[in-house]
Amino acid sequence: MFGYSAFRGAQAEIVDHVIQGGDALVLMPTGGGKSLCFQVPAIARHRRDQGVAVVVSPLIALMHDQVGALEEAGVHAAFLNSSLTLDETQRIEREMMGGRLVLLYVAPERLTTPRMLAQLDSLEERGLLSLFAIDEAHCVSQWGHDFREDYLALNVLHERYPGVPRIALTATADELTRADIVQRLQLEDARIFISSFDRPNIRYAVVEKTEPRQQLLRFIQDEHEGEAGIVYCQSRKKVDETAAWLGGEGITALAYHAGLDADVRRRHQDRFLREEGVVMVATIAFGMGIDKPDVRFVAHLDLPKNIEAYYQETGRAGRDGAPADAWMAYGLADVVNQRRMIDESPAAEEFKRGQRGKLDALLTLAEAHDCRRVRLLAYFGEASERCAAYQNACDNCLNPPATWDATEAARKALSCIYRFHQNRGQRFGAGHLIDVLRGKATDKVAQNGHESLTTFGIGADLSEAQWRVVLRQLIALGYLRTEGEYNTLELTASAREVLRGEVQMLLRQPSDAPKRGKGERGGKAARPGRAKDKAPPLPLDDDGLARFEALKAWRAEVAREHNLPAYIVFHDATLAEMAQAAPATLDALGHISGVGAKKLEAYGREILRVLGG
């Protein structure tokens with residue numbers, strides 16, 4: 001059906017377990033092949049006359065793409081959602097009730113409606129309900145990074161249809177989230193399959209936030225010009241402003257967030273999926289279920305909430321296995337903002353405590369001066385060696401950062417804050433504290449008489465950038481906290497440990513980003529819809545490259561005719577293998593990875609024509 005010669009990793013074991021009627025919880029990284037883990041059992045069970053598989057999916061775009069890909073492969077699938085007309089909905093329901101559909105995709109809120117449950121009851125009574133697949137299962141957990149209340153009602157599947165196998169799947173869940181998924185979906189008897197969380201093709205890098213827009217522009221222009229990518233921002237306003245600014249700098253950039261009109265969001269998402277070289281600037285409202293394989297980078301201009309969110313979002317890069325980048329700009333304000341959002345949340349204290357712990361783990365990853373991959377995988381309970389030998393090693397392994405002992409500097413900063421408190425209970429933010437430590441004679445220093453403090457000027461040997469790193473680390477580690485509208489700095493109880501010299505603080509040396517020459521690269525005219533020539537996934541000679549480009553042009557025409565993203569017709573890797581092997585017969589073409597029986601029948605002769613010139 002799909003044209004692959006073998007399963008990957010634990011896929012075969014999962015598929016066999018579900019075909020035999022077992023329940024499963026599958027944790028597999030983005031791009032690891034989760035979909036086949038329920039699609040193949042659905043096909044096999046349907047061929048045994050066991051009926052339709054129901055797939056719970058939270059996103060309309062994901063449903064559309066997966067159904068399109070299945071139909072291209074010769075699997076009869078459909079979705080039920082608000083994008084359909086009444087006639088279309090009724091036609092699909094007739095096919096479902098007749099047992100003709102292999103897979104049906106539905107949103108969680110539709111699945112639990114009285115009408116849908118009555119239809120499922122009828123199917124189950126006639127033995128035509130083959131399995132339930134719950135995609136993005138972390139959405140059921142309050143500890144997960146994308147909790148959705150509609151998922152809580154999915155426990156009805158176990159209670160109402162105990163004889164129908166269920167498979168829950170997610171790319172991201174720590175131990176606490178896994179336990180929550182099992183409990184809420186009543187999967188206590190399910191087998192748990194945990195694949196490696198490692199994505200060896202992704203290079204992880206974190207830079208100190210100085211001029212974030214310029215840093216982002218340099219990153220895109222120097223390393224990913226003309227390539228598809230996603231830029232995540234925390235606020236809708238920042239998304240709009242960043243997309244507009246990138247557009248002015250010659251980058252084909254689009255905005256996506258929940259505040260945009262639904263039609264605008266759909267158009268922007270379609271362009272991102274169908275065109276090459278588009279950069280999507282988005283809030284976290286964008287991305288879940290995006291199957292675009294050639295996203296070459298994911299950039300964060302703001303700190304995510306936790307490692308699960310970071311891993312899920314960065315996992316949208318490099319799904320095709322080719323090298324990709326996860327790049328993040330990170331600064332003191334990020335730490336302050338994330339801590340404030342948790343503290344001001346109306347959630348229960350237990351939940352806040354859990355969120356603080358998750359944020360602390362992410363801050364540790366961001367501040368690390370050792371291997372980021374080791375730390376990232378350790379969070380999910382997976383041991384690994386440092387990634388220096390990887391093709392895409394992390395920034396710290398590629399260029400080990402210089403470090404310095406900031407223990408004494410930390411003590412000076414905390415002492416200065418303590419002196420503020422002694423001086424009429426005064427409270428100040430990071431900027432004024434740094435001015436006092438560096439002995440800067442500002443009006444504010446004079447007004448408050450701070451030039452007479454014993455801590456005035458004791459940190460003149462450090463730059464402002466170094467002091468910001470020290471304060472960021474003190475806040476990240478919980479020795480300082482911020483208060484109120486002006487983010488004034490407060491000592492915590494644990495600050496005594498630092499003041500007494502019981503804690504050593506080894507920090508990265510702040511590195512200034514290289515300055516770009518005047519006029520260099522900036523202001524380049526945009527090339528909408530076009531990407532620079534990209535190297536194919538396989539080495540090709542001149543004739544092979546010509547065949548590869550001809551195949552891509554043919555694929556683009558087919559994708560337009562079928563109203564599908566090009567990668568659903570064939571992935572670049574499949575086209576490259578065709579171009580390299582240059583098969584001359586249908587039988588030889590059928591041995592290319594990714595060419596299934598239906599695609600061979602539908603496109604085989606046309607492909608041979610293109611290959612023959």
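If you read the sequence from its start, that first residue is 1, and numbering goes on from there. Side chains included, hydrogens not; waters and symmetry mates left out as well; all remaining heavy atoms used.
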| task | Kindly state each residue pair satisfying ring pair (Phe, Tyr, Trp, His ring centres under 6.0 Å) with at least one member in residues 155-189, sequence neighbours excluded. | result | F132-Y161
| message | Which heavy atom of M28 sits nearest to which heavy atom of G33, and what is that distance? | response | SD-C, 3.6 Å
| task | Taking atom CZ of R48 as the centre, report whether more than 12 heavy atoms of other residues, nucleotides or ligands fall under 6.0 Å from it. | result | yes
| said: Just verifying a value: how many Å separate M280 CE and Y256 OH, rounded to the nearest 0.5 Å? | reply: 7.5 Å
| task | Enter the distance from F79:CZ to H64:NE2 here, rounded to the nearest 0.5 Å. | result | 5.5 Å
| field | Residue that, paired with I167, satisfies side-chain contact (heavy atoms from CB on, under 4.5 Å) out of D135, I14, L25 | value | I14
| Ionic contact status for E308 with K358, cut-off 4.0 Å | yes
| field | Under 3.5 Å: donor-acceptor pair, side chain of E88, backbone of T85 | value | yes
| task | Quick one: closest heavy-atom pair of D49 and L128, and the distance? | result | O-CD2, 4.1 Å
| field | side-chain hydrogen bond (donor to acceptor under 3.5 Å, both in side chains) partner of Y567, the single match among D294, D572, D65 | value | D65
| note | Rounded to the nearest 0.5 angstrom, the CG-OG distance for L185 and S141 is 9.5 Å
| ring pair (Phe, Tyr, Trp, His ring centres under 6.0 Å), paired with H300, selected from W327, Y204, Y310 | Y310
| message | Taking the basic N atoms (NZ, or NE/NH1/NH2) and the acidic carboxylate oxygens, is any pair closer than 4.0 Å for R178 and E175? | response | no
| Do T177 and D174 have side-chain atoms, one donor and one acceptor, less than 3.5 Å apart? | yes
| query | Does the R199 side chain pair with the main chain of G318, one donor and one acceptor, at a distance under 3.5 Å? | reply | yes
| said: For S593 and E577, which I'm curious about, is there any donor-acceptor pair between the side chains at under 3.5 Å? | reply: no
| task | Look at E93 together with R115 and state whether they make a salt bridge at an N to O cut-off of under 4.0 Å. | result | yes
| note | Of V67, V55, I92, the one forming a side-chain contact (heavy atoms from CB on, under 4.5 Å) with L104 is I92
| request: Would you check, one step at a time, whether the test side-chain hydrogen bond (donor to acceptor under 3.5 Å, both in side chains) holds for Q11 with Y4? | output: CA-CA 12 Å; Q11 281 180 326; Y4 300 120; over 6 Å; no
| task | Calculate, to the nearest 0.5 Å, the distance between atoms CD1 and CZ belonging to I43 and F38 respectively. | result | 10.5 Å
| query | Strictly by modelled atom types, are H257 and T283 linked by a side-chain donor-acceptor pair under 3.5 Å? | reply | no
| said: Regarding D320 and R296, does a basic nitrogen lie under 4.0 Å from an acidic carboxylate oxygen? | reply: yes
| Are any side-chain N or O atoms of R319 and backbone N or O atoms of V295, one a donor and one an acceptor, separated by less than 3.5 Å? | no
| query | Is any side-chain heavy atom of M578 closer than 4.5 Å to a side-chain heavy atom of I607? | reply | yes
| Charged N-O contact under 4.0 Å between D198 and R373 | yes
| If you look at every heavy atom in I181 and A137, which pair is closest and at what distance? | CG1-O, 3.7 Å
| field | Gap separating the OH atom of Y232 from the OG1 atom of T314, nearest 0.5 angstrom | value | 9.5 Å
| R148/E136 ion pair, N-O < 4.0 Å | no
| task | Would you tell me whether Y151 and E109 have side-chain atoms, one donor and one acceptor, within less than 3.5 Å of each other? | result | no
| task | Using the salt bridge (charged side-chain N to carboxylate O under 4.0 Å, His left out) rule, collect all pairs that involve residues 558-571, keeping only residues at least two apart or in two chains. | result | none
| query | Counting heavy atoms not belonging to H591, are there more than 12 under 6.0 Å from its NE2? | reply | no
| Lys/Arg-Asp/Glu bridge criterion (N-O < 4.0 Å) met for D270, R265 | no
| field | Pairing of R160 and D121 as salt bridge, 4.0 angstrom limit | value | yes
| query | When the ring planes of F380 and F197 are compared, do they come out parallel, tilted or perpendicular, using 30° and 60° as the limits? | reply | parallel
| query | How long is the gap from CG on L36 to CZ on R8, to the nearest 0.5 Å? | reply | 8.0 Å
| said: Test your reading of the model: is there a side-chain donor-acceptor pair from R126 to the backbone of G99, 3.5 Å cut-off? | reply: no
